[in-house]
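This report concerns only the one structure given below.
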Amino acid sequence: DREMKSKYNVIIEVSDQGEPIQVATKVLKINVIDVDDETPLFVRDITASPLEFSILEEQSSGVILGNVTAIDRDIGENGAIDYEIIDGNELEFFKLIVANNSALITTTRAIDREAHESFLLTVKCLKMATHWQRLKQSFARNPYNADDLSEIKVMVNVLDIDDHILEFERHSYMLGIRN
C-alpha cells in the first residue's frame, strides 16, 4: 500500500563458496507506484456544524465567499479532487471554482437579503477522474448525509445593508383634536 510506505531499500548480498569468500552488496531501491484506491473526503467530525460564510446583500457576481478543501491520499492525477454543490443551490446563486484540489465558493449574481436571509449548501468532493463520467443532475437535491465524509455543509448568511428608503404607510394622514 503506497499510502503506508512509498519506498523500500533492500540490501542484496551475494557471495561465493571460494577461498577466500568473495562478497558483493548492492542496494535495491523500490518505489511503489500509486494506484487510484483512495477516495477524497473532508476532514470533519460527523457532528460538525456547517462552515459559515457571509456576504453583504446586493453585491455583484463573482464575490468569493470562502473555500472548501478535501484530501485524497493518492498522489498526482490519482489524487485530483473535484467538487459539486449537490443541495441548496436550486436558484443557482453560487458556483464553485476548482483549483489546486480546493473549491472557491463564489456568487453568480446579486442576492437580496429581504428575499433570502441564508442558504444551506451541501458540497460533495469526488474524484476528478470521474468528472467526465457523471452528469450534474445525478447529484441534484440529495439530502445531506452526515456520515458521508465526502459531503460538507456550508451556511451562507446574507447580511443586510440599508438599501430601502423610509416610507410612510399611507400617503396622507389627517388628525383631529377635540378641544
Side-chain angles (χ1 to χ4, degrees), residues 1-55 62-90 92-108 119-157:
D1 186 2
R2 191 217 48 88
E3 286 77 26
M4 299 299 288
K5 189 169 182 176
S6 62
K7 294 181 182 185
Y8 292 88
N9 290 324
V10 178
I11 299 172
I12 299 174
E13 182 177 287
V14 294
S15 62
D16 63 13
Q17 295 182 4
E19 290 280 332
I21 296 176
Q22 299 291 318
V23 177
T25 60
K26 188 77 170 177
V27 176
L28 176 64
K29 295 181 180 183
I30 300 172
N31 294 320
V32 180
I33 297 173
D34 187 42
V35 294
D36 198 357
D37 61 343
E38 298 289 323
T39 56
L41 54 89
F42 290 103
V43 179
R44 64 166 178 82
D45 290 330
I46 291 175
T47 59
S49 299
L51 291 176
E52 287 201 38
F53 301 119
S54 298
I55 183 171
V63 174
I64 297 172
L65 302 174
N67 73 319
V68 293
T69 303
I71 60 166
D72 187 328
R73 294 180 2 147
D74 289 318
I75 58 173
E77 287 183 11
N78 292 338
I81 303 172
D82 196 14
Y83 299 84
E84 291 281 346
I85 299 173
I86 62 169
D87 191 37
N89 195 29
E90 292 76 23
E92 297 183 0
F93 278 111
F94 308 100
K95 71 175 183 175
L96 299 175
I97 299 173
V98 179
N100 299 324
N101 275 359
S102 289
L104 292 173
I105 301 172
T106 64
T107 58
T108 59
F119 296 87
L120 187 58
L121 308 175
T122 301
V123 177
K124 184 173 186 72
C125 64
L126 39 121
K127 291 286 197 185
M128 183 67 79
T130 61
H131 181 76
W132 64 272
Q133 296 173 342
R134 68 181 188 278
L135 300 172
K136 274 195 166 193
Q137 293 80 14
S138 65
F139 294 122
R141 298 186 186 187
N142 285 340
Y144 175 67
N145 179 1
D147 294 326
D148 183 354
L149 293 179
S150 72
E151 297 179 7
I152 194 165
K153 281 289 202 190
V154 177
M155 174 66 76
V156 178
N157 295 307

Identify the two heavy atoms, one from [X] and one from [Y], that lie closest to each other, and give their separation to 0.1 Å.
{"X": "N101", "Y": "A80", "value": "OD1-CA, 3.5 Å"}
{"X": "K124", "Y": "S150", "value": "NZ-OG, 2.8 Å"}
{"X": "V123", "Y": "L96", "value": "CG1-CD1, 4.2 Å"}
{"X": "A70", "Y": "Y83", "value": "N-OH, 2.9 Å"}
{"X": "G88", "Y": "L121", "value": "O-CD2, 3.2 Å"}
{"X": "L65", "Y": "F94", "value": "CD1-CE2, 3.5 Å"}

* CG/N9: more than 12 non-hydrogen atoms of other groups inside 6.0 Å -> yes
Out of curiosity, [X] [atom1] to [Y] [atom2], how far, rounded to the nearest 0.5 Å?
{"X": "R2", "Y": "D74", "atom1": "CZ", "atom2": "CG", "answer": "6.5 Å"}
{"X": "D87", "Y": "N145", "atom1": "CG", "atom2": "CG", "answer": "12.0 Å"}
{"X": "T69", "Y": "L104", "atom1": "OG1", "atom2": "CG", "answer": "8.5 Å"}
{"X": "I46", "Y": "D148", "atom1": "CD1", "atom2": "CG", "answer": "10.0 Å"}
{"X": "K95", "Y": "T107", "atom1": "NZ", "atom2": "OG1", "answer": "9.0 Å"}
{"X": "L41", "Y": "T39", "atom1": "CG", "atom2": "OG1", "answer": "6.0 Å"}

* Asked: Can Y8 and V32 be said to form a side chain to side chain contact (heavy atoms under 4.5 Å, CB included), step by step?
  -> CA-CA 8 Å; Y8 292 88; V32 180; 3.7 Å; yes
* **I97 side chain reached by I64 side chain, heavy atoms, under 4.5 Å** => no
* To do: Compare all side-chain heavy atoms of E3 with those of D34 and state whether any distance is below 4.5 angstrom.
  => yes
* Is the closest basic N to carboxylate O distance between D72 and K127 below 4.0 Å? -> yes
